[in-house]
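Quick note: numbers below take in every heavy atom, side chains included, and nothing from hydrogens, waters or symmetry partners. The sequence lines fix the lettering, A, B, ..., with proteins before strands; numbering per chain opens at 1.
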Amino acid sequence: MSLNELTAHEILGLIKTKKTTPNDVYQSVISAVREKDSAVKAYVRTCENNADLATLKADAKFPIPTTNKDNICISGHETTCSSKILAGFKPPYDATVIKKLKETGALFVGNANMDEFAFGSSTENSAFGPSRNPWNLDCVPGGSSGGSAAAVASDQTIWALGSDTGGSIRQPASFCGVVGVKPTYGRVSRFGLIAFASSLDQIGPLTKDVTDAALLLNIISGYDPMDSTSINEPVPDYTKSLTGDVRGLKIGIPKEFFIEGLDPEVRQAVEAAIEVLKAKGAVFKTVSLPHSEYSVATYYIIATAEASSNLARYDGVRFGLREQAKTLRKAPIIDMFEETRDAGFGAESKRRIMLGTYSLSSGYYDAYYLRAQKVRTLIKNDFDAVFADCDAILTPTAPTTAFKIGEKTDDPLAMYLSDIYTISVNLAGIPAMSLPCGFSKAGLPIGLQIITKHFAEETMLRVAHTYEQATDWHKKVAKV
Amino acid sequence: MTTQTEKKFETVIGLEVHLQFKTRTKIFCGCANEFGNQPNTQTCPICLGLPGTLPVFNRTALEYAIKVALALNAKVSSTIKFDRKNYYYPDLPKGYQISQFDKPIARDGFIMIPTASSEKRIGIHRAHLEEDAGKIIHDSDIKASLVDYNRTGTPLMEIVTEPDLRSPQEAYDYLTTLKLILKYLDVSDCDMEKGSLRCDANISVREVGETILRTKTELKNMNSFKAVKIALEFEEARHRAVYLAGETITQETRLWNEIKQMTVTMRSKEQAHDYRYFPEPDLVPFIVSTEQIDEIRQTLPEFPEAKLNRLKNQYGLNDYDANVLVQEKAIANFFEDCCKIYQEPKKICNWLTGAIAAEINSRNNDIVQLKISPQNLTALIAKVENGVVSNLVAKDILTMMIDSGQSADIIIAEKGLAQVSDDSALEKVIDEILAANPGVVAQIKEGKDSAKGFLVGQAMKKTQGKANPKKLGEMITRRLLNA
């Protein structure tokens, strides 16, 4: 087994016993990228200058090759959200998560591809073209953190950062057969994460197993005075929660999630996973999340409203792309705004900006945005009610396995439905994760989603780890 | 039937004042909040709205805003919530302004303004916190527009009145009263020239007796309180003329043109922005406790109106003098400090509103920076009263004191400015004057008493102003009688 195929905790063990060095691991990852990424296209940019290695301290706690998503700022590195409009943008600051990672000795491999501004579930909305699913190169890796998930699944990195607004970590984790965690809203600082929807966005880990997820979550979590939405709650050592003991834990199965549209193979895999956890002593019960049917509609109003405002700064004035009008139409400055935004944004970005602008407009605000906020509260209340009696909720991560590239690009609604099981979690602000729980007959990974209440990441990781220990899905390797 | 010319009109005015806070740093980042620095030298990724950055609320701006709210007798909102006001403009880096929409920090307040007969209550509809935008400079030489983001993120409070003002003069009086209160709070420079206080006006005209408001126009671009008054007068006359011609007013925003002294259309209602306000998701609403508000209430200064009444009662000043003193809080404080040392309020007041005020004006300074202490000033006044120096020389001494920061004693000693009280020395001077001006002496002896002033003047000149003119007059009279 070559070094790039290992997990972070395995590598740390080898470094500790002097069986390998951070340099060897890094070189192994870089050669994997050189060898595989022309096929997988996980990266939009790699840092082959080894700058982090040169400055690596001997006592660094986590000198692990790490992949960044292209919407998290690294000082001096071009960061574009896979959009033309941010071409050439090099932030003069580190995101708080990057700062924390650098402090522990992270070795950045590069920025992973994504749907433009995280708008999508397949990476097909990237200005750089789609990434490929390592398990089947004709399939999408999911999205929007598709590049991060594909990089982890194809061993072109050890672990990766993603961001999750409606499922953007969990759904690609599910499609690529890796572990992906969306932490509680406020657990991880958003400072330096280029915003899609500020009230929903959260950075999280994409890893090869649950232990690595706990380790990376340890590094990136915590209160940040630079982010007013981060919460001043102590950060436990998440690896301590990996006890393998779920005896007596009460796990809810929401009846609304096992309905039409759910792929029978996915259903079977999740039902089998329930049996595994039952055998480990967990207690299951059917629960109800009655407002889940409104979650996709609610999400697409709130997320696009915030996005329409968050993306207003891409106007060509201060950074990124600037396009001038060939002939004067309205006023030079208005023409420049319009030309720049028309040339810089892809079709899905334009669609979401228009949706969001519409729902915030005078005369429509009450009927759309305000109503969506009220429904959001109802969705959150649903979860609160379930968690009054349950420690966790178990669902499929996505209704299907990875679909073919191009299969849903002409049908935005069908694309939006691939996040049907993940979206309500963001609306409620609670943590959730996806981990592999089987494969389809076609050989594509299936993901299991575990949801817990606010700041109950330890319970979530404990259930996931217990399941992982009892199965070996996470050990399967995609052959690229 | 009333004919059109008999119509009696009533003007209705509401004002929006934008006040920049003089907090050390900006409202949502750590950049310096200063006026007049080189363009784009006080900016950071946050106030430039670079992708990924987030706002962090400056708690001093909150404290200042609560102070203003309390000074305006307003209800302070216990929930502090921000909203985004969305519009595109190159001086607005994020494409939205962080402001307050449905939960302004203050509402339902009032201030009292003086009127000819007594005073009038002007309602404050609301006051809210927001961030200032940058500044665009149109450069005709290079045919381009340049943006300076130094001002971006300056804490701003918008104070909106009820439509309670009934004339341009009342609007002017409201602004003067408001500015004085705000200056006492010490939260802003309140300098219209530097833009730290800006005012937009809404005006409509209706017939006396009507209860509903007619169509209003909004006036912008007035650079002084006087300009606000003149612009309102222009607009008031325009509305009346339009109604007298049987036409209607169009709802629009108009710009005051200082050179042409008229208002011109800027944009119509149809062109008005839809700001798509929604709650700012990057700043979580939070609660201000009544304890916090009460704590801030304790720090409020004595306001101008209360100080005016107290100065009159405590020091026996007349209305005019007290009013002049309260126009500058520092002057009023200096006055009271002087009174603690030297119990002659009227004389101190005269010095402050006369000689000291002149020094402040000519030096374009303020009393705090002037190199004179209450001790030094009162010592100088005492010297005049005790006849050590003349009033005239004392004014020169004051100038020298302010120039050097020295006390009157040192200057008098160094320059030999004490009044010549030695009679024999004066007798010698009078001898010389009388001998040099026999014609004038003859005129006086013939009964032209007013000519005596000339001799006193000559004697003063001879003593370089060091003699006491009263005493000189008496001595000359005595000499001429005895002659």
inquiry  = What's the separation between atom OH in A:Y93 and atom CD1 in B:I46, rounded to the nearest 0.5 Å?
reply    = 9.0 Å

ask   = Quick one: what part of A:P332 sits under 4.5 Å from any heavy atom of chain B, side chain, backbone, both or neither?
value = neither

ask   = At a heavy-atom separation under 4.5 Å, does B:F278 approach chain A through its side chain, its backbone, both, or neither?
value = both

task = Look at the side chain of B:D274 and the backbone N and O of A:S361, then say whether any donor-acceptor pair between them is shorter than 3.5 Å.
result = no

note = Closest non-hydrogen contact found for B:V56 with A:P225 is CG2-O, 3.3 Å

inquiry  = Counting only non-hydrogen atoms closer than 4.5 Å, does A:N310 touch chain B with its backbone (N, CA, C, O), its side chain (CB onward), both, or neither?
reply    = both

remark   = Nearest heavy-atom approach of A:R313 to B:T53 is NH1-OG1, 4.2 Å

Side chain / backbone / both / neither for A:A305 at chain B, heavy atoms under 4.5 Å = backbone

inquiry  = If you compare all heavy atoms of A:S198 against all heavy atoms of B:D282, which two are closest, and at what distance to 0.1 Å?
reply    = CB-OD1, 3.2 Å

note = Turns out that what part of A:L200 lies under 4.5 Å from chain B's heavy atoms comes down to neither

note = Here the gap from A:T229 atom OG1 to B:E280 atom CD, rounded to the nearest 0.5 Å, amounts to 10.0 Å

inquiry  = Please check if the number of heavy atoms outside B:K75 that lie under 6.0 Å from its NZ is greater than 12.
reply    = no

ask   = Quick one: CG on B:L54 to OG on A:S189, what's the gap to the nearest 0.5 Å?
value = 7.0 Å

query = Out of curiosity, A:I334 CD1 to B:Y89 OH, how far, rounded to the nearest 0.5 Å?
reply = 8.5 Å

ask   = Is there a donor-acceptor contact under 3.5 Å from the side chain of A:S228 to the main chain of B:P55?
value = yes

key: Whether over 12 other heavy atoms sit under 6.0 Å from A:K102 NZ   = yes

ask   = At a heavy-atom separation under 4.5 Å, does A:T79 approach chain B through its side chain, its backbone, both, or neither?
value = neither

ask   = Of the backbone (N, CA, C, O) and the side chain (C-beta and beyond), which part of A:I333 lies under 4.5 Å from a heavy atom of chain B, both, or neither?
value = side chain

ask   = At what distance, to the nearest 0.5 angstrom, does OG of A:S308 lie from CZ of B:R84?
value = 9.0 Å

key: Sub-4.5 Å side-chain heavy-atom contact between B:P51 and A:F319   = yes

task = Consider only side-chain N and O atoms of A:R341 and B:Y88, and report whether a donor and an acceptor are under 3.5 Å apart.
result = yes

remark   = Distance col, row A:Y369:OH vs B:Y277:OH, nearest 0.5 angstrom, shows 15.0 Å

ask   = Where does A:P92 contact chain B at under 4.5 Å (heavy atoms): side chain, backbone, both or neither?
value = side chain

ask   = For the side chain of A:R318 and the backbone of B:P93, is there at least one donor-acceptor N/O pair under 3.5 Å apart?
value = yes

inquiry  = Given heavy-atom pairs under 4.5 angstrom as the criterion, report whether the side chain, backbone, both or neither of A:F89 touches chain B.
reply    = side chain

task = Identify the two heavy atoms, one from A:T357 and one from B:R276, that lie closest to each other, and give their separation to 0.1 Å.
result = O-CD, 3.5 Å

